[in-house]
Each structure stands twice: as C-alpha cells, then as structure tokens.
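Inspection log for the structure reproduced underneath, given as structure tokens.
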Amino acid sequence: MAANEDQEMELEALRSIYEGDLCFRELSPVSFQYRIGESGDPKAFLIEVSWPETYPQTAPVISMDAFFNNTISSAIKQSILDKLMVEVEANLGTAMTYTLFEYAKDNKEVFMENQPVNTVTSVSNSIAIGTPDVPASKKKDKKEQLSKTQKRKLADKTDNKGELPRGWNWVDVIKHVSIFKLSFFNVKKIFKK
C-alpha cells in the first residue's frame with residue numbers, strides 16, 4: 001500500500017479520475033503510466049511517474065524509458081523531462097501526478113514540435129526508418145487467362161449471378177461411387193470363389 005495518507009488520497013483520486021481511460025495505467029500503488037496522444041499517433045509518448053516514500057514532499061521520479069518511446073529522440077525526451085521537472089518544482093508538497101499528466105496533454109504539440117515523423121518498416125531482419133511502405137515488387141499478380149472456348153463453357157454452366165448451379169459436379173461424385181461399387185463387387189466375387 002502507499003507509504004502515507006497523502007499518497008493514499010492521491011491514489012484514490014487518480015483511480016476515480018482515470019477509471020476507464022485507456023491511456024492511464026497503474027503499474028503499482030506508487031507507479032503510473034500515461035500515454036499522451038492517440039494510439040497510432042506518431043507523436044504520442046508515454047510518461048511514467050513513480051512516487052518515492054517521501055512523496056509529495058520530494059519530487060516523483062519521472063521516466064520516459066518505456067519501449068513505447070523508442071522512436072522519440074533522446075533530445076526530445078530530455079526536453080520533455082526538463083519541462084515536467086519545472087512543473088514538479090512549482091507543485092512540490094502537493095499531489096501532482098494528475099497535474100503532470102494534464103500538463104503533458106496540454107503541451108503535447110509544443111513538446112513534440114521538433115520530433116520528425118518517422119515510419120518504421122521491417123524488411124527481412126533490417127529496419128528502415130523514414131521510408132514509406134512500398135511493395136518489394138510492383139508486378140501485379142497475373143490472373144489465369146481463359147480461352148474463348150473455356151469462357152463459353154463456363155458461361156454455359158453459370159446462372160445469371162455468375163454462380164455454378166447446385167449439383168454441377170455431382171456427376172463426378174456419382175461416377176466415383178459407381179467405380180468404387182464395381183471394384184468392391186469384383187473383390188467380393190474373388191473371395192467367394
């Protein structure tokens with residue numbers, strides 16, 4: 001459980017405020033993550049806030065080391081952390097986790113304005129950054145070419161919707177069954193002799 005009453009009260013407040021918010025995640029009673037930006041947004045980032053035992057009298061530990069942030073340059077991460085630490089200093093002694101998350105949400109565009117938008121694609125064990133998805137070969141799959149005679153036969157078999165009528169291949173099934181019966185009877189005759 002949380003180390004003191006202030007932490008317990010803030011924990012309850014965070015749980016009630018962010019209940020059902022898919023961006024918020026409680027890792028433990030003293031550690032939280034919040035995704036700033038929509039899922040799939042190339043400028044989205046994740047902030048992790050952990051409370052030491054003496055929080056809120058001392059500053060929380062703020063981290064951007066999550067795998068989610070791997071596409072963000074280290075200079076941008078450090079810039080975001082520096083700006084968040086200014087907020088921490090201004091709110092020292094009070095519950096500030098909600099304030100930090102909301103500050104990051106409000107300033108997302110400013111934080112990420114210098115972050116280039118990269119698309120990451122993986123091609124046979126190599127990673128290319130900044131290249132759009134382009135198919136390896138621009139050849140189109142060739143469709144099977146039918147002769148005029150084949151097309152006529154197919155058209156004769158299909159109805160007005162282009163579908164084959166029910167039972168169109170039953171002749172083959174009946175043919176196979178009759179061959180099976182003949183061979184079965186031949187075997188039966190051999191054993192009777």
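Only heavy atoms go into these numbers, but all of them, side chains included; no hydrogens, no water, no symmetry mates. Residue numbers start at 1 and run along the sequence shown.
Side-chain contact between Met85 and Ile80 is absent, with no heavy-atom pair separated by less than 4.5 Å. Side-chain contact between Leu100 and Pro60 is present, with heavy atoms from C-beta onward closer than 4.5 Å. Side chains of Asp82 and Ser79 form no contact here, defined as non-hydrogen atoms less than 4.5 Å apart. With a 4.5 Å cut-off on side-chain heavy atoms, Asn69 and Lys77 count as touching. Between Ile76 and Phe111, the closest side-chain pair of non-hydrogen atoms is not below 4.5 Å. A 4.5 Å side-chain heavy-atom check between Pro42 and Thr71 finds every atom pair outside the cut-off. When side chains are defined from C-beta on, Ser28 does not count as touching Glu26, because their heavy atoms never get closer than 4.5 Å. Between Trp51 and Asn4 the shortest side-chain heavy-atom distance does not fall below 4.5 Å.
With salt bridges taken as basic N to acidic carboxylate O contacts below 4.0 Å, none links Glu12 and Arg15.
Rounding to the nearest 0.5 Å places CD of Gln7 at 8.5 Å from CD of Glu53. Atom CD of Glu10 sits about 8.0 Å away from atom OG1 of Thr94, to the nearest 0.5 Å.
Criterion: ILVMFWY side-chain heavy atoms under 4.5 Å apart, direct or through other members. Under it, Tyr18 and Ile47 are part of a common hydrophobic cluster. Hydrophobic cluster membership differs between Met9 and Tyr55, with clusters built from Ile, Leu, Val, Met, Phe, Trp and Tyr side chains linked at under 4.5 angstrom.
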Practice problem: May I have the step-by-step check of side chain to side chain donor-acceptor pair (under 3.5 Å) for Thr99 and Glu87, ending in yes or no? | Solution: CA-CA 8 Å; Thr99 306; Glu87 279 298 302; over 6 Å; no
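Phe101 and Phe24 have perpendicular rings, their planes meeting at more than 60° on a 0 to 90° scale where under 30° would count as parallel.
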